[in-house]
Amino acid sequence: MRRRPGRPAGLLAAGALVLAATGTLAGCASDDGGSPGSSSSSSSSSSARPELEVTGAYMPAPSMDTMAAGFFTVTNSGGADTLTSVTSDLSDDVTLHSTKDGAMQEEKSFTVPAEGTLDFASGGNHLMFAKLTHKPRQGEKVSVELHFATSGTVRISMPVKSATYNPKTGH
């Protein structure tokens with residue numbers, strides 16, 4: 001696991017605990033039967049302008065007062081783009097993470113492939129909200145801004161679901 005300088009080891013351990021508590025480390029396939037983070041591609045020109053749509057956003061109700069995770073899917077019907085950062089009123093410390101072989105790793109950015117998808121799903125890519133301004137409760141909506149290199153800022157509302165919510169079953 002890679003650590004940012006000055007980041008306390010306890011914070012990373014707490015993050016791993018949050019992920020385990022919300023089921024993030026369990027395997028989860030996307031709604032189309034593909035795996036998290038999978039993308040499709042076509043012969044679209046890479047110089048085409050990205051056309052992004054964000055769907056399926058949610059945050060499992062956090063079990064801790066200090067950390068939460070977030071999930072969504074970005075579908076791109078145009079040229080490639082890059083998710084460079086995320087901001088939210090819920091936290092001044094929102095980071096992008098991948099999960100590979102059960103290990104969480106912070107990432108600087110994620111590519112949104114041309115004519116493809118970028119999945120943030122349980123068991124794979126996810127957002128980590130640290131140092132929460134308050135502990136969001138089920139039913140609340142969290143404002144989130146996704147910052148893309150080409151498309152700019154996309155604002156979404158992330159509903160807080162139950163801690164065990166599964167998008168496939170709705171529970």
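FYI, side chains are in, hydrogens and waters are out, and symmetry mates aren't considered; it's all heavy atoms of this structure.
Interatomic distance, NZ of Lys108 versus OG1 of Thr84, reported as 12.0 Å (0.5 Å rounding). Here the OG-NZ distance, from Ser157 to Lys141, works out to 5.0 Å after rounding to the nearest 0.5 Å. Interatomic distance, Thr133 OG1 to Asp89 CG, rounded to the nearest 0.5 Å: 7.5 Å. The distance from the OG atom of Ser151 to the CG atom of Leu146 is 10.5 Å, given to the nearest 0.5 Å. Atom NE2 of His134 and atom OG of Ser91 lie 11.0 Å apart (nearest 0.5 Å).
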*Given the rule in the salt bridge (Lys or Arg N to Asp or Glu O under 4.0 Å) test, do Lys100 and Glu107 qualify, once you have shown the distances and angles that lead to the verdict?*
CA-CA 12 Å; Lys100 295 175 184 146; Glu107 303 289 345; 3.6 Å; yes

*side chain to side chain contact (heavy atoms under 4.5 Å, CB included) between Glu106 and Met128, worked out*: CA-CA 9 Å; Glu106 188 171 333; Met128 286 301 302; over 6 Å; no

_From CA spacing to verdict: side chain to side chain donor-acceptor pair (under 3.5 Å), Ser98, Gln105_ = CA-CA 5 Å; Ser98 62; Gln105 180 173 321; 5.2 Å; no

*Apply side chain to side chain donor-acceptor pair (under 3.5 Å) to the pair His97 and Thr99, showing each step before the final yes or no.*
CA-CA 7 Å; His97 290 264; Thr99 303; over 6 Å; no

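In plain terms, the two heavy atoms of Ala114 and Asn76 that are nearest each other are CA-ND2, 4.0 Å. Closest of all the heavy-atom pairs between Leu96 and Ser109 is CD1-CA, 3.9 Å. Nearest heavy-atom pair across Pro62 and Pro136 is CD-O, 3.5 Å. Taking both residues in full, the closest heavy atoms of Asn125 and Phe71 are given as O-CD2, 4.1 Å, listed atom of the first, atom of the second, then distance.
Side-chain contact between Leu127 and Met59: absent, with no pair of heavy atoms (C-beta onward) separated by less than 4.5 Å. For the pair Lys131 and Met67, the minimum side-chain heavy-atom distance is 4.5 Å or more. Using a 4.5 Å heavy-atom threshold, the side chains of Pro60 and Ser162 count as separate.
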Per-pair distances, 0.1 Å, donor-acceptor, side chain in residues 51-58, under 3.5 Å, sequence neighbours excluded:
none

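Under the rule for a side-chain contact (heavy atoms from CB on, under 4.5 Å), the partners of Thr150 that lie at least two apart in sequence or sit in another chain are Arg49, Pro50, Asp81. Qualifying side-chain contact (heavy atoms from CB on, under 4.5 Å) partners for Thr169, counting only residues two or more places apart in sequence or in other chains: Asn166, His171. The side-chain contact (heavy atoms from CB on, under 4.5 Å) search around Ser88 returns Leu90, Val94, Phe129, Val142, Val144, not counting sequence neighbours. Glu145 pairs by the salt bridge (Lys or Arg N to Asp or Glu O under 4.0 Å) definition with Arg155, not counting sequence neighbours. By the side-chain hydrogen bond (donor to acceptor under 3.5 Å, both in side chains) test, Thr75 is found to be paired with no residue, residues two or more places apart in sequence or in another chain being considered.
The main-chain N or O of Asp119 is never found under 3.5 Å from a side-chain atom of Thr117 such that the two would form a donor-acceptor pair.
For residues 135-163, the set of pairs meeting the ring-ring contact (aromatic ring centres under 6.0 Å, His included) definition, not counting sequence neighbours, is empty.
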